[in-house]
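In what follows, a structure is listed as structure tokens, so that the remarks can point back to it.
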Amino acid sequence: QLQLVESGGGLVQPGGSLRLSCAASGWGLDYFTIGWFRQAPGKEREGVSSISSGDGSTYYADSVKDRFTISRDNAKNTVYLQMNNLKPEDTAVYYCAADAATMPGYVLHEPDEFDYWGQGTQVTVSS
């Protein structure tokens, strides 16, 4: 059974940076597409960024392009989300998720496309 644990959340001022980590156990992450999602109070869970297994194709939501970067370290069985120039609207609980499905030319990024989920980590952007 694949288990995911997020870490790295916290309180940061606008314009600051955080790096989230998603550590896996039970299976090698290189077999899975890994997605980062976030959910703010009263809002639906949304896809932020994903990285596919195999060729490492990536997806970014328009709201985070040029600010967030997803990467994976297969040796550490960990996926990272580097978040720069954070804004108050980035405040949310951030989750990582994994799925073994692959689709040529498409990077999974919708919540219902993922089977395995972590417990989430809070990110608060405030002065």
Point to revise | Main-chain N/O of Val5 paired to Gln119 side chain as donor or acceptor, under 3.5 Å | key: no
Check your understanding: Taking only residues two or more places apart in sequence, or in another chain, which ones meet Ala40 in a side chain to side chain contact (heavy atoms under 4.5 Å, CB included)?
Key -> Lys43, Ala92
Practice item. Check Ser17 against Gln82 and note the closest heavy-atom contact, atom names and distance. Key: CB-NE2, 4.0 Å
Check your understanding: Any side-chain heavy atom of Leu29 sitting closer than 4.5 Å to one from Leu4?
Key -> yes
Exercise for review: Could you tell me whether the side chain of Arg67 and the main chain of Asn85 form a donor-acceptor pair under 3.5 Å?
Suggested key: yes
Review point. Parallel, tilted or perpendicular: which fits the ring planes of Trp27 and Tyr31, with parallel below 30° and perpendicular above 60°?
Key: perpendicular
**Study point:** Pairs touching residues 76-89 that satisfy salt bridge (charged side-chain N to carboxylate O under 4.0 Å, His left out), sequence neighbours left out
**Key:** none
Review point. For Leu2 and Ala24, which heavy atoms make the closest approach, and how far apart are they?
Key: CD1-CB, 3.9 Å
Point to revise | Ser49 vs Leu81 side-chain heavy atoms within contact, under 4.5 Å | key: yes
Review point. For Tyr80, is the NZ or CZ atom of Arg72 found under 6.0 angstrom from the centre of its six-membered ring and inside 45 degrees of the ring axis?
Key: no
Review point. Would a distance-only check, ignoring hydrogens and angles, find a side-chain to backbone donor-acceptor pair under 3.5 Å from Tyr60 to Ile70?
Key: yes
Check your understanding: Can you find a heavy atom in the side chain of Thr102 that is under 4.5 Å from one in the side chain of Ser53?
Key -> yes
Practice item. Search all heavy atoms of Gly35 against all heavy atoms of Ser50 and return the closest pair with its distance. Key: CA-OG, 3.6 Å
Check your understanding: Would a distance-only check, ignoring hydrogens and angles, find a side-chain to backbone donor-acceptor pair under 3.5 Å from Glu46 to Arg38?
Key -> no
Exercise for review: Identify the two heavy atoms, one from Ile51 and one from Gly56, that lie closest to each other, and give their separation to 0.1 Å.
Suggested key: CG1-O, 3.7 Å
Check your understanding: Where the side chain of Asp115 meets the backbone of Asp99, is there a donor-acceptor pair that is under 3.5 Å apart?
Key -> no
Point to revise | Other ILVMFWY residues reachable from Val107 by side-chain steps of under 4.5 Å | key: Tyr59
Review point. Checking Thr121 side chain against Gly9 main chain: does a donor-acceptor pair fall under 3.5 Å?
Key: yes
Review point. How close do Thr78 and Ser21 get, heavy atom to heavy atom, and via which atoms?
Key: CG2-CB, 4.1 Å
Point to revise | Aromatic ring pairing Phe68/Tyr94, orientation class (parallel under 30°, perpendicular over 60°, tilted between) | key: tilted
Exercise for review: Side-chain contact test, heavy atoms from C-beta onward, threshold under 4.5 Å: evaluate it for Leu86 versus Gln13 and give yes or no.
Suggested key: no
